[in-house]
Structures are given as C-alpha cells and as structure tokens.
Amino acid sequence: MKFDAEPPQLETSYDHVNLKDVGPSATWRQACLKLLHIYSYQQNQQCYLLVVVTKLQKITHTFAKEGRKKKMEIIYRPYIDPEFEFLIERIYPPWVCIDNDSYKDCTLVKVDSANKNGILLEMVQVLTDLDLVISKSYISSDGGWFMDVFHVTDQLGNKITDESLILYIQQALCASRGGISKEARLPGRNVTPGLKDLALEMTSKDRPGLVSEISAVLVELGCNITTAVAWTHGTRAASIFYVEDGLEGGPITDPLRLAHVQEQLENVVKAHHEEGEKRSVRLTTPAGGHTHKERRLHQLMYADEDYESCRGCDGSGSSAHKKGCDRTHVNIESCKEKRYWIVNVRSRDRPKLLFDTVCALTDLQYVVFHAVVASRGTLADQEYFVRHKDGYTLNTESERHKLTLCLVAAIERRISQQGLRLDLCAKNRMGLLSDITRVFRENGLSMSRIEIGTRDERAVGSIYVTDASGDEVNPNAVELVRKEIGESIIAVHKSHKWAPQGSSSSRTSHKIHNRRIEEEEEDRPRFSLGSLVWSHLERLSSSFGAIKS
C-alpha cells in the first residue's frame, strides 16, 4: 500500500510524565488524541485502525508497568472513556447488504462489522423477531471482524422484497449507530413490552391452572398484564409477565405495594410445592431496558437446571442411525491446532432453531468464531467453532457433558409440548388473560406455551393447549371454549403448515422439495460442514466491498 505522506510519529516514552502531578486520566487522553490525530491524517487508509488499537494496548501496559515499578501508595489506572468502546465501530461502521439477485428462492443478508461480544445473537435476534426463516448461515468472527451471510425467507418461503422491511433490517442490524428512522418503522410488528413495565419472572413445577391462578391474583392486586410469555419443559415451567398499574396506567413504583404483590404471588406458587422443591418468584422494577423475553426464558430455565433431565439421542452414532433419527444429537470434538472446540448439532429443523442454539452458547459464555448452519430434508445441521469467553477450552469431561445437555435443552424447550395453537386478537383490557385462562382450566385444557403481547391497544398472540395429561386436545372441547370466550376473540390457527423442505423455510414449490428428497436418498458420503466453512467464507469475503465511513 502506497501512502502520499508519512504520518506523524507517536511518542512511546512516558518518563517525562509525573503520575503524581496529573490526574488519573490525563496522559491516557493525550495519547488517545495523538492516535486519533494520526488516523485523521490518513483517514482513508484502513490499516491505521489496527495501529490505533495496538498503540492503545501498549500504552495501557506501559501505565500498569510503571505503577507497579514505582510501588505508588495510590495506583492510578488509565481512564477509559465509555465512548472508546464504540471507537472501532465509528471508524469502521457496520455494513449490511440485502441481496435478492444471487438466489432465486431466498434473500441473502450480508453483514460485515467490527466484532464485539454477543454480536451474532443480536443479528439472529433481529431476523427472528421479524418472523423471518433462516435457512442457511455462514459465520466468521475471527481476527476482530465479524462477517456473516444469512439465507432468509418469510414464513411462506418467499424472498424479502418489501422496501420498508429491507430498510428496517438494514437499520436494525446497525442499531447502535442510531435509532430506526420513521420510514423504516414497521407498525403492527412491535409487541415488545414497554421499558417501564414491571416484570414478574417465575419458575416452578408445571401443573394445570398455574397461569390462570397467577393472572387472577394480579387482577385482584390491580395489575394489568401487557405481555405474557411462558414455556413448559418436562416437569418445569418458566413464565414472564410484564405488568402496569391497572387503574392509573404506568409503572408501579410504590415499594410497599410491590412487596405485597410479590408476597401474594409467592403464596400461590408455594401452595403446590413440597418443602425444599425448587421455585422462584421475582419482581424486577424498570431498568435501562429488558433482556429479550425469549432469551430471558432460556436463562430462567437454565437457572432452574431443567437441562439436568435432558437426554439427547445416544444411539449408535453411526451415519445410518443419525440419518433416520430426528432426535437431537450433540457431538463435541477438540481442534487442538486452532484451540477450538467443534460443536456439531443435528436435530429436527424448525423456526427459531438458530436463535435458541446461539442463545445457549452466548449465555454459557462461549464465543463463536466460525459456524456453518444448513438443513437437509427435515433435519438441520449446525457446526460451531467455539472457545470460552475467557480463552480456555473445554478441558474436562464434565464441562463437555454440561454443554451437551444445555444445547439439547435449548433446542427442545420451545417444542417439548407443542399442543394445538390458538390465535388471540382482542381489545386489551384488565383481566383479559385471567378470563381466558379460567375458561381453559374449567374445560380441562392445559397451556403448554403462551406468547401474548399488546399492539396498538389490542392483545395479540398465541396460546398452545393440550388436555390435562399433555396429550392432543379434543376438537369438541376447543369449540366449546371458543364459543364461551368469543369466536371473534380466539381462533384455531390456520397455518400454512410449516415444514422444512431442504431448508428452514417452508417452500411452496414441490419441485424443490422433491429434488431435496432425491438428493437425500442418494447413497453418497454426507458432506462435511467443517470443510465448507473455509470455502464458503473465502468466497464470501471476496464478495464484500470496501466499507466507507
């Protein structure tokens, strides 16, 4: 690379600085300003970005070394401005490309950005919150940079062509650079809880009528439920209710009232538990924001140790067995050359599978450096090259065993007891959820999963129901419930019958489906996802152009 002129040189000696005479951050700030001056001198030369980072690391090391050497009574540490965390991103902002030309059956979402902790989960979360189906993904985040390609469709298997949706995706994937513009907002899609709503988080033994009792107590205490999500897994249940003051609206801030609400809810949960049985009821007051509600459900169930009862398929391990088995297989191997652990997951394909898997890896403090995700027929293959956030690998068999169980649990939680889906749409009012769940309980129906939110003063969402034993519900019982609640309020979900046909998306073309099945039946060696990583990423990197700040 040829430069027009040499940049100014940065002083590397700090012997002239008396640390006792200056504040704890003066020298650090001076160094940062000089480094930024160097960058601004040759701002079009991207290599100086690495110079900035390297020099700052050396300065930090120099300060720490001098502090130890002088054995100062008061050790000054360099002040790191909070804005420094976004320095690299400001110099090299994220770049998102929506490509509808490369493939006929899907849209490519290409992301190139400075790497940071949790960025993969953020990207996947944005796409899954829009109900987009990720059929394939190629990921690389080694060397301080993040590159990813998602193959996505809508729930019907169609490409993403709506301009407002494309603009929203581009801005949402770069949300830290600023808010979403008015042109990119998608009214009718946002059902997230308000940041000022009080959150009730609960884990307990699963039993019929639990949600009905909880919602009835909240109504008696003058609380209006704005959002409710609940999962059941095995014998355990986890739920989150976001509530506001039912009379005046807005958050509940009175500490005495909050303590009374928690006490009453604990009594409801405690009544059906033996002494010493695991349970938890927690009220969280409004903070700077909420963790994504489905990710929070994963965290609650992990804290409840629901993974201990999980058992993935421990069959023969042969390729013939895995080909015909739709249970979850997790295999963890060591890559000593690169100090990675290779995590291979094979399971039944379904929507939000990638989100659930990445949630588990992120919350267990594992960093994904490379990954390939693809599907074939009704099964999905995921391969991740990971290290722990602290840098160490899975050194013991117990760590590997725990990671295996946690991945199996994360994949199975959402679908462990699916049930019949009923869609809800009604004007939101205080006591609505209590009334609906009471009718379910009186008619012998049990709820295995709940996803309800508010949108433009209307309650919308879905409830999955089974009979009291967890078996398939009787259609006659469902019709009685609908008539009692109101046929215009709740209806049986008329799905397009999502079924993976060569990808995570539901393809509408039978030709694509038949071609995939024929390929699967061919007696040939199964492709190696590990070998695909490097070839796809090499091809991917060449397709990314230079990103201008």
Side-chain angles (χ1 to χ4, degrees), residues 191-194 196-202 204 207-232 237-254 256-269 271-272 281-286 290 293 421-465 477-478 480-492:
V191 292
T192 56
K196 295 183 179 180
D197 292 345
L198 181 72
L200 163 63
E201 300 176 347
M202 183 180 68
S204 66
R207 61 178 177 82
L210 176 61
V211 175
S212 177
E213 294 178 13
I214 293 294
S215 57
V217 169
L218 288 173
V219 172
E220 291 179 1
L221 296 172
C223 300
N224 179 41
I225 299 174
T226 60
T227 302
V229 289
W231 288 352
T232 58
S239 57
I240 305 175
F241 298 89
Y242 293 95
V243 299
E244 64 179 4
D245 193 314
L247 301 176
E248 300 179 359
I252 303 172
T253 57
D254 183 2
L256 295 179
R257 185 180 177 186
L258 292 174
H260 180 63
V261 169
Q262 178 151 346
E263 180 184 4
Q264 294 301 311
L265 294 173
E266 287 176 346
N267 290 336
V268 173
V269 175
H272 295 272
V281 177
R282 179 170 174 261
L283 285 174
T284 60
T285 54
H290 291 299
K293 55 184 183 296
R421 175 175 169 177
L422 301 177
D423 289 336
L424 169 69
C425 183
K427 184 177 180 180
N428 191 32
R429 60 175 174 81
M430 184 173 172
L432 176 63
L433 182 61
S434 176
D435 293 341
I436 292 174
T437 55
R438 174 183 53 80
V439 174
F440 286 157
R441 183 186 62 188
E442 292 173 350
N443 286 272
L445 300 183
S446 181
M447 291 167 288
S448 60
R449 194 167 125 208
I450 300 174
E451 297 173 357
I452 296 176
T454 54
R455 178 189 298 157
D456 299 330
E457 299 184 355
R458 296 188 68 82
V460 294
S462 55
I463 302 175
Y464 295 77
V465 297
V478 174
L480 291 175
V481 166
R482 289 188 61 224
K483 289 180 180 179
E484 187 171 351
I485 295 175
E487 296 183 357
S488 62
I489 295 177
I490 198 163
V492 177

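Residue numbers count from 1 along this sequence.
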Which atom of [X] lies closest to which atom of [Y], heavy atoms considered:
{"X": "T226", "Y": "T454", "value": "O-CG2, 3.1 Å"}
{"X": "G453", "Y": "T227", "value": "CA-OG1, 4.1 Å"}
{"X": "L283", "Y": "L258", "value": "CD1-O, 3.5 Å"}
{"X": "S434", "Y": "A216", "value": "OG-CA, 3.5 Å"}
{"X": "V268", "Y": "I214", "value": "CG1-CD1, 3.9 Å"}
{"X": "V460", "Y": "C425", "value": "CG1-SG, 4.1 Å"}

Within this structure, what is the [atom1]-[atom2] distance for the pair [X] and [Y], rounded to the nearest 0.5 Å?
{"X": "M447", "Y": "R441", "atom1": "CE", "atom2": "CZ", "result": "9.0 Å"}
{"X": "R438", "Y": "I485", "atom1": "CZ", "atom2": "CD1", "result": "9.0 Å"}
{"X": "L433", "Y": "S212", "atom1": "CG", "atom2": "OG", "result": "8.5 Å"}
{"X": "L198", "Y": "C223", "atom1": "CG", "atom2": "SG", "result": "7.5 Å"}
{"X": "I463", "Y": "R449", "atom1": "CD1", "atom2": "CZ", "result": "12.0 Å"}
{"X": "Y464", "Y": "I450", "atom1": "OH", "atom2": "CD1", "result": "12.0 Å"}

For a 4.5 angstrom cut-off between non-hydrogen side-chain atoms, does [X] reach [Y]?
{"X": "D435", "Y": "V439", "answer": "no"}
{"X": "E484", "Y": "N443", "answer": "yes"}
{"X": "K293", "Y": "E451", "answer": "no"}
{"X": "V211", "Y": "S239", "answer": "no"}
{"X": "I225", "Y": "I452", "answer": "no"}
{"X": "V281", "Y": "M202", "answer": "yes"}
{"X": "L218", "Y": "L265", "answer": "yes"}

Does any N or O in the side chain of [X] come within less than 3.5 Å of the main-chain N or O of [Y], such that one atom is a donor and the other an acceptor?
{"X": "R482", "Y": "I490", "value": "yes"}
{"X": "D254", "Y": "L256", "value": "yes"}
{"X": "R455", "Y": "G461", "value": "no"}

Once side chain to side chain donor-acceptor pair (under 3.5 Å) is applied, do any residues pair with Q264, and if so which ones, sequence neighbours excluded?
none
